[in-house]
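Take a look at the structure set out below.
Atoms within a ligand are numbered from 1 in the order they appear, just like the ligands themselves.
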Amino acid sequence: MKAVLLAEKADAYLRELCLHIPGRSVGSKGNQAATDFFANAVAPFGFETESPMFECIEWASDGVSLEAGSASFEAFASPYSLGCRISAPLVVVSTVGELETAEVAGRIILLRGDIAKEQLMPKNFPFYNPDSHKRIIQLLEAKKPSAIIAATSRDPEMVGALYPFPLIEDGDFDIPSVYMTEEEGVRLAACSGGETSLESKASRIPARACNVIASKGIASKGSNLSRRVVLFAHIDAKHGTPGALDNASGVVVLLLLARLLENYSGTLGVEIVALNGEDYYSSPGEQQYLAINAGRFAEIALGVNLDGVGYRLGDTAYSMYDCPPAIADTIHALFSKREGMVEGQPWYQGDHGLFLMNQTPALALTSERLAELLAEVIHTPQDSIDMVNTTKLVEVAVALRDLVMLLDR
Ligand SMILES: [Zn+2]
């Protein structure tokens with residue numbers, strides 16, 4: 001298929017995922033529409049598809065009102081938080097030491113400064129959870145404030161370009177919480193000790209969602225013949241963002257690749273996976289994939305993750321993890337001479353972590369200017385299709401098709 005036709009397809013896929021489907025946060029109608037779209041789009045190219053379901057929550061918010069003294073303040077409900085309607089005295093806390101000694105039971109607590117500098121990992125997040133975060137969560141649960149207000153600054157590594165960012169984003173944490181800018185935090189801190197009224201209209205709705213696993217050429221699951229290459233792109237997006245680079249573009253590459261592999265008949269199995277949960281607090285799709293493949297990661301010759309590819313500026317960056325020399329040489333030989341591809345720094349905040357934790361060779365593809373994207377675009381409404389150059393998505397899909405063919409030899 002000519003590159004120009006593939007670019008047209010890429011454009012149509014991208015528009016479907018980012019414009020026609022209204023939001024792809026896990027558990028939402030748009031998320032279900034996106035996984036249905038993916039499954040229906042790969043099937044005609046001879047892939048067998050499975051869409052294993054999991055339970056999750058959809059979350060809805062209808063605004064926050066916050067008053068202290070005679071002033072009102074702007075705040076936002078923390079994603080997945082419960083709602084509340086509370087009047088109580090305000091306690092201000094800036095460090096873990098202060099939290100250890102503060103009397104906060106039944107009060108509204110404002111967390112700002114040092115204690116609020118990093119987004120706290122969700123309680124049940126399976127892959128990474130530092131003790132310093134766990135300590136703050138444990139203290140809050142033990143001390144039982146009636147609600148939490150967090151004044152936050154910037155944390156691009158963990159939350160992208162979002163400012164302010166929600167300190168807590170956790171459907172398993174049951175103290176209602178909201179967040180605000182540092183500047184609002186300074187104003188509110190001046191009301192310390194005073195009666196404060198907080199109403200957050202937020203609710204958790206039980207929902208279901210699925211991964212989509214499309215496979216071809218996997219002779220017999222569980223046998224030695226199921227040696228395969230696995231290619232991931234997460235299909236979910238954060239609330240409130242079209243998620244074009246994060247990560248509709250990666251999903252589009254998988255759809256183009258499925259098309260390019262229509263006539264593939266190799267002995268190396270190919271598994272193309274729309275993972276559902278990279279941007280959700282408990283990574284449910286990732287956990288499901290781990291459970292389905294428990295004890296079977298040794299069958300995976302190479303795991304490939306696509307996240308943040310196709311930014312209109314800069315090249316596509318590839319990075320390798322635990323690749324044996326034969327595979328690393330193949331990848332280098334193929335990619336290093338391609339126009340538009342460069343070897344980039346390793347990075348670890350992506351779904352290739354699933355391969356790494358299972359000692360499986362991995363390849364990750366993103367944009368060379370990932371740091372800039374994280375600081376300015378990712379997880380904001382700016383992450384729109386204007387950011388994406390679909391020609392680059394075609395280049396990546398063709399490069400991956402060529403890689404699959406070489407690995408099959
Ligand atoms: Zn993301």
(request) Could you tell me which N, O or S atom of Asp246 is nearest to the Zn ion (ligand 1)? (result) OD2
(request) Just give me the atom name: the N, O or S atom of His379 closest to the Zn ion (ligand 1). (result) NE2
(request) State whether Phe45 and Arg259 meet the cation-pi test: NZ (Lys) or CZ (Arg) under 6.0 Å from the six-membered ring centroid, and within 45° of the perpendicular axis. (result) no
(message) Within the structure provided, determine whether Lys238 and Glu169 are in side-chain contact (heavy-atom separation under 4.5 Å).
(response) yes
(message) Under 2.8 Å from the Zn ion (ligand 1), can any N, O or S atom of Asp279 be found?
(response) yes
(request) Evaluate side-chain contact (heavy atoms from CB on, under 4.5 Å) for Tyr311 paired with Glu372, printing each intermediate quantity in order. (result) CA-CA 11 Å; Tyr311 184 35; Glu372 171 185 326; 3.1 Å; yes
(request) Salt-bridge test for Glu299 and Arg228: reply yes if a basic N is under 4.0 Å from a carboxylate O, no otherwise. (result) yes
